[in-house]
Amino acid sequence: MIGKGGELLYEVKWEGYEKKSDRTWEPEENLTENASEALNEYLKSIGGREALLNETHTAVQGKKRGRKDSSTPQASSTSKRSKRNGSHPADSEPPASAKQAVWKPPAGSWEDHIAHLDACEDEETHKLMVYLTWKNGHKTQHETSVIYSRCPQKMLQFYERHVRIVKREETPVDSPPANS
C-alpha cells in the first residue's frame, strides 16, 4: 500500500506471531536488513516493484474522491494497535515455539558444559558410544574419538569411576608352571 507520504508500505507477518492482528505495515527500509530475501521473493512473484506501484496507483484512482478509506492501515509507528497494545512484535521476545531450532553442541571444549556422561557399546558396530547430558538439559550421543578431543577430562573421570584395576599374582619367569 502507499502511505500518507507516498511511501510504499508492506504488510508484514512476524515470525512466531500467528494472529492477523499482529501484522504491521512497514516501509521497505525496515525490511532490507533482516527480511531482504523474503521481500525480493515477494517482489519477484508479483512482477517487480514497478508492477506493485502500478497496481497500487490504479487502485487509488478507482476510489471515490474525498472519501477516506477507514480500512486502510497506517504505518506501524503510528498504528492504533501499537498504541493500544504498547508494543510491536519486533520489539518483543518471540514465543518459545518460534525458537525451537535444532540445538548443536558448542564449539571448542565441552568440559564446562557437560552435566553427566555415560558410555555403552553399540551392539551393531561394537564401538563404544558416549551419551552426554548437557547442563542445559539436552542429550547427545557421540563416538569416543569426539569425546577424547572435546572433553578428555570428563572421559578420564568416567574411566576412573568405572574401571577397576585388579592386580594378578605373577608367576616368576624362570620357574616352570606348576603341574597338578
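Just the heavy atoms: all of them, side chains too, but no hydrogens, waters or symmetry mates, feed the values below.
With Arg150 contributing its side chain and Gly108 its backbone, the two residues share a donor-acceptor pair below 3.5 Å. Judged by distance alone, with hydrogens and angles left aside, the side-chain atoms of Asn40 form a donor-acceptor pair with the main-chain N or O of Ser36 at under 3.5 Å.
Crowding of Lys13 atom NZ: a count of heavy atoms from other residues, nucleotides or ligands under 6.0 Å exceeding 12. A 6.0 Å sphere centred on CD of Glu37 holds no more than 12 heavy atoms belonging to other residues, nucleotides or ligands. Counting heavy-atom neighbours within 6.0 Å of Lys135 NZ, excluding the residue itself, gives a total above 12.
Residues Leu156 and Val163 are members of separate hydrophobic clusters, defined by side-chain heavy-atom contacts under 4.5 angstrom among Ile, Leu, Val, Met, Phe, Trp and Tyr. The cluster map of Ile, Leu, Val, Met, Phe, Trp and Tyr, joined by side-chain heavy atoms under 4.5 Å apart, puts Met129 and Ile147 in different clusters.
Taking each heavy atom of Pro106 and Trp110 in turn, the nearest pair found is O-NE1, 2.8 Å. Nearest heavy atom pair, residue Leu128 against residue Tyr159, reads CD2-OH, 3.6 Å. The heavy-atom pair separating Met155 from Tyr148 by the smallest distance is CG-CE2, 3.5 Å.
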(request) Would you please test Leu132 and His142 for side-chain contact (heavy atoms from CB on, under 4.5 Å) and show each step? (result) CA-CA 8 Å; Leu132 300 178; His142 307 275; 3.6 Å; yes
(request) Assess whether side-chain contact (heavy atoms from CB on, under 4.5 Å) is satisfied between Glu26 and Trp14, documenting all intermediate values. (result) CA-CA 11 Å; Glu26 300 291 333; Trp14 296 93; 3.9 Å; yes
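A salt bridge is defined here as a Lys NZ or Arg NE, NH1 or NH2 lying under 4.0 Å from an Asp or Glu carboxylate O, and Lys127 with Glu143 meets this definition.
Between Val130 and Leu117, some side-chain heavy-atom pair lies under the 4.5 Å cut-off. Contact annotation: the side chain of Tyr131 never approaches that of Lys139 to less than 4.5 Å [non-hydrogen atoms, C-beta and beyond]. The side-chain heavy atoms of Val12 and Arg23, taken from C-beta on, include no pair separated by under 4.5 Å. Between Asn136 and Trp103 the shortest side-chain heavy-atom distance falls below 4.5 Å.
Rounded to the nearest 0.5 angstrom, Phe158 CZ and Gln153 CD are separated by 15.5 Å. Atom NZ of Lys154 sits about 7.5 Å away from atom CG of Asp112, to the nearest 0.5 Å.
Taking the six-membered ring for Trp and thresholds of 30 and 60 degrees, Trp134 and His113 have ring planes inclined between 30 and 60 degrees apart.
Counted by atom type alone, His138 and Thr140 present zero donor-acceptor pairs between their side chains at under 3.5 Å. Side-chain contact of Glu111 with Ser109: a donor-acceptor pair under 3.5 Å is absent, judged by distance alone.
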